[in-house]
Amino acid sequence: MTILEGLAHVRKRPGMYIGGTGVSGLHHLVWEVVDNSVDEAMAGFCDRIDVDLLADGACRVVDNGRGIPTDVHPEFKLTGVEIALTKLGGGGKFGGDGYKVSGGLHGVGVSVVNAMSEKVVVEVDRGGKRHQIEFAEGGSKKTKLEVIGDSPRGRTGTTVTFWPDRGLFETTEFVARTMLERFQMMAFLNKGLEIRFKDHREGHDQEPVVYKYAGGIIDFVKHVNATKTPLFSRVGYIEQSDDEAEVELAFQWNEGYQTDGLHSFANGIATIGGGTHEEGFRAALTTVVNKYAKAKGLLKEKDANLGGEDVREGLTGIISVRLREPQFEGQTKDKLGNPEIKSLVQKATNEKLADWLEEHPTEANKIVKKGINAQRARAAARNARDATRRKSALDGAGMPDKLRDCSSRDRSECELFIVEGDSAGGSATSARDPRTQAILPIRGKILNVERARLDKMLKNTEVQALIAAIGAGFGAEEFEVEKSRYDRVILLCDADVDGSHIRTLLLTFFFRHMKELVEQKHVYIAQPPLYSTVVGKEKVYLKDDAAKAAFLVENPNHKKEFARLKGLGEMDWEELKATTMDRESRTLLQVSVEQAATADTAISTLMGDDVEARKEFIKRNAKDARFIDI
């Protein structure tokens, strides 16, 4: 075990280690502990992890791995447990021999959990004995590591129980749904690993949940495609490894038109930004399918090759690579940069996918035919797009007629408000700051792009207006986020059912066709208040029912009525400015994607053709719904 630096810094600057003190930082503590257990599973020493949320607010993680070493390190004169818990990067991940591959992005490890907790208790079963040590107040040792008895039935493993520090976090209330999504992903990526979860807190669903997938990422593909219509029932699978890395690929096509169904992972971490493993697969996939199509006469020699987007239309693919020294790039460290992994993935796909297509001619034929249809539709879409471009060139500047643009040309300060309906568009135009805020009113509900092919989509007036206004192209191959004319795209819809539906349709469009806009956090949802009331001579606005309840607690003698603000068109422009558009006083909700595969499944469920799956999703998530307008 090698030590990088002391713990002092963490409490002072938590953002550097766990991303902040909000809900995601809180959950980061759980991931750090569980990642250690998953490392044991990847190394082949652990096949079960139990995670319990205890009634008193603690989280307990139990694994049946080898147990953290309990002997004293000759150089540091501390036990392995103390090094792991009190020294940053003091786990087995640093320095050569601990693990061949390991998850955990920063490698700061469980010591950060100790630094950010009021109390931590660690129990280690190793060498037939159960050892225990306790820490308090951000990592100071409360007891020594001592043997408290024999390990039950020769068990080995580590148990970590921690109570997050209420003085450091904005909230210490864990969200079970967030944890379950992450654990399911971990179980998919680690074939045969069993992850059990139970919530013991009062008022929460206490039904235990177990994730275990004998098929690993094959089951992952089936899960993502469960809300879609598969083109064939078989899921393809390829694996390959060399001394430094290993790669697993699973794939199946569905009847949908999306080209963004490829989800990649490196050492169990979702690489939303893609990277060298995705590049290797994409390049080889296009080559292999074209070779097969020409060899079998499905494409004539003189025919144009299928493009990458044509081949990937309707593909759901999972790429999982494990490597000794992953290099993560990009601002959010979500893109894999290792060049050697590209050639390994490319080699695996070139050799083994070609064999798979030969061995499964029925499936291969369907893949090629779908690609040919996609190619034709793309040509039709290109013609529609060129016609739109020609028309806009003749019209002059090429901006939609109804766009009320801002005067500033400094992209970093410009905002585009997409507003439902012309009357609301009028109010918003009066309420805006014309220098930095642009308004695009859209009429009615835009097309549900989840169920439409490109050529049909491009004929839709509202979709055309959105693409022209943002000005950065669209689609996986063409969209360039840095060309967007606005730094923030803000959805301004009514607080009723129709408004929610329009917002969902817009988010579906952005996620499917301008994905980087969402991934790089340029999309926001305006939060117009639901209520207003008068205090003295002043009008007070309240965001939702929770804000109204808090207001009544603070003002128990308030007797005035609460007016419910329903439509944006009903607000006068001064109200709209003060509550929703003025940078000084408004509230915006930033849209972000943590797990692209989860978002993909959710959007397919809500916006696709499978009515039963949608009903089931609504029933399962009903208790988490807020701001319902009935």
Side-chain angles (χ1 to χ4, degrees), residues 402-404 406 414-434 436-446 462 465-466 469 486-510 517-518 521-535 538-552 554-555 558 560-592 624-630:
K402 48 194 177 176
L403 174 71
R404 298 170 186 65
C406 52
C414 292
E415 302 180 333
L416 173 67
F417 282 84
I418 299 170
V419 185
E420 118 194 34
D422 290 335
S423 61
S427 302
T429 303
S430 305
R432 71 181 178 140
D433 167 2
T436 61
Q437 294 180 326
I439 308 292
L440 179 67
I442 54 169
R443 192 171 291 126
K445 293 177 178 170
I446 79 158
E462 307 303 331
L466 281 168
Y486 308 96
D487 186 56
R488 292 179 172 188
V489 175
I490 300 167
L491 315 187
L492 183 52
C493 305
D494 283 343
D496 59 8
V497 171
D498 278 342
S500 296
H501 191 202
I502 290 167
R503 195 164 50 236
T504 309
L505 289 164
L506 285 165
L507 285 173
T508 303
F509 171 73
F510 288 131
L517 206 62
V518 182
K521 301 184 179 175
H522 293 292
V523 179
Y524 294 80
I525 295 169
Q527 302 278 281
L530 266 186
Y531 299 104
S532 72
T533 188
V534 177
V535 180
E538 201 180 319
K539 206 169 204 182
V540 175
Y541 297 97
L542 301 164
K543 183 166 154 276
D544 51 29
D545 289 309
K548 181 180 163 189
F551 174 82
L552 285 170
E554 286 171 26
N555 304 276
H558 185 75
K560 294 266 172 66
E561 287 290 305
F562 288 91
R564 186 177 169 105
L565 304 163
K566 215 167 167 205
L568 297 168
E570 292 170 24
M571 281 191 203
D572 57 42
W573 70 267
E574 290 94 347
E575 277 190 310
L576 188 62
K577 179 172 185 158
T579 61
T580 314
M581 296 185 70
D582 186 344
R583 290 172 189 253
E584 300 302 314
S585 53
R586 69 186 182 188
T587 306
L588 294 179
L589 201 59
Q590 191 178 51
V591 179
S592 63
D624 295 332
R626 296 171 296 164
F627 319 131
I628 293 179
D629 176 89
I630 296 172

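Each residue takes its place number in the sequence, starting with 1. These numbers come from a predicted model, not from an experiment.
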Atom pair [atom1] ([X]) and [atom2] ([Y]), whose distance is rounded to the nearest 0.5 Å:
X	Y	atom1	atom2	result
Ile490	Leu589	CD1	CG	11.5 Å
Leu491	Leu505	CG	CG	11.0 Å
Leu403	Ile439	CG	CD1	9.0 Å
His501	Ile446	NE2	CD1	10.0 Å
Leu440	Tyr486	CG	OH	8.0 Å
Asp582	Leu576	CG	CG	11.0 Å

For [X] against [Y], the heavy-atom pair lying closest together:
X	Y	answer
Lys548	Leu542	CA-CD1, 4.0 Å
Ser427	Trp573	O-CB, 3.5 Å
Phe417	Thr580	CE2-O, 4.4 Å
Thr579	Pro529	CB-CD, 3.5 Å
Gly499	Glu420	CA-OE1, 3.6 Å
Arg503	Asp494	NH1-O, 4.1 Å

Quiz item: By salt bridge (charged side-chain N to carboxylate O under 4.0 Å, His left out), which residues pair with Lys402, not counting sequence neighbours?
Solution: Glu462

Quiz item: Is there a side-chain contact between Thr436 and Glu415 (heavy atoms, below 4.5 Å)?
Solution: no

Quiz prompt | Validation row: His522, Val489 side chains within 4.5 angstrom (heavy atoms) | solution = no

Would you please name every residue forming a side-chain hydrogen bond (donor to acceptor under 3.5 Å, both in side chains) with [X], sequence neighbours left out?
X	value
Glu575	Lys539, Tyr541
Gln590	Tyr524
Arg404	Thr429
Arg488	none

Quiz item: Is there a donor-acceptor pair closer than 3.5 Å between any side-chain N or O of Ser585 and the backbone N or O of Ala578?
Solution: yes

Quiz item: Taking the side chain from Ser532 and the backbone from Val540, do they hold a donor-acceptor pair closer than 3.5 Å?
Solution: no

Practice problem: Output all residues satisfying ring-ring contact (aromatic ring centres under 6.0 Å, His included) with His558, sequence neighbours left out; order by chain, then residue number. | Solution: Phe551, Phe562

Quiz prompt | Heavy-atom neighbours of Arg583 CZ exceed 12 at 6.0 Å | solution = yes

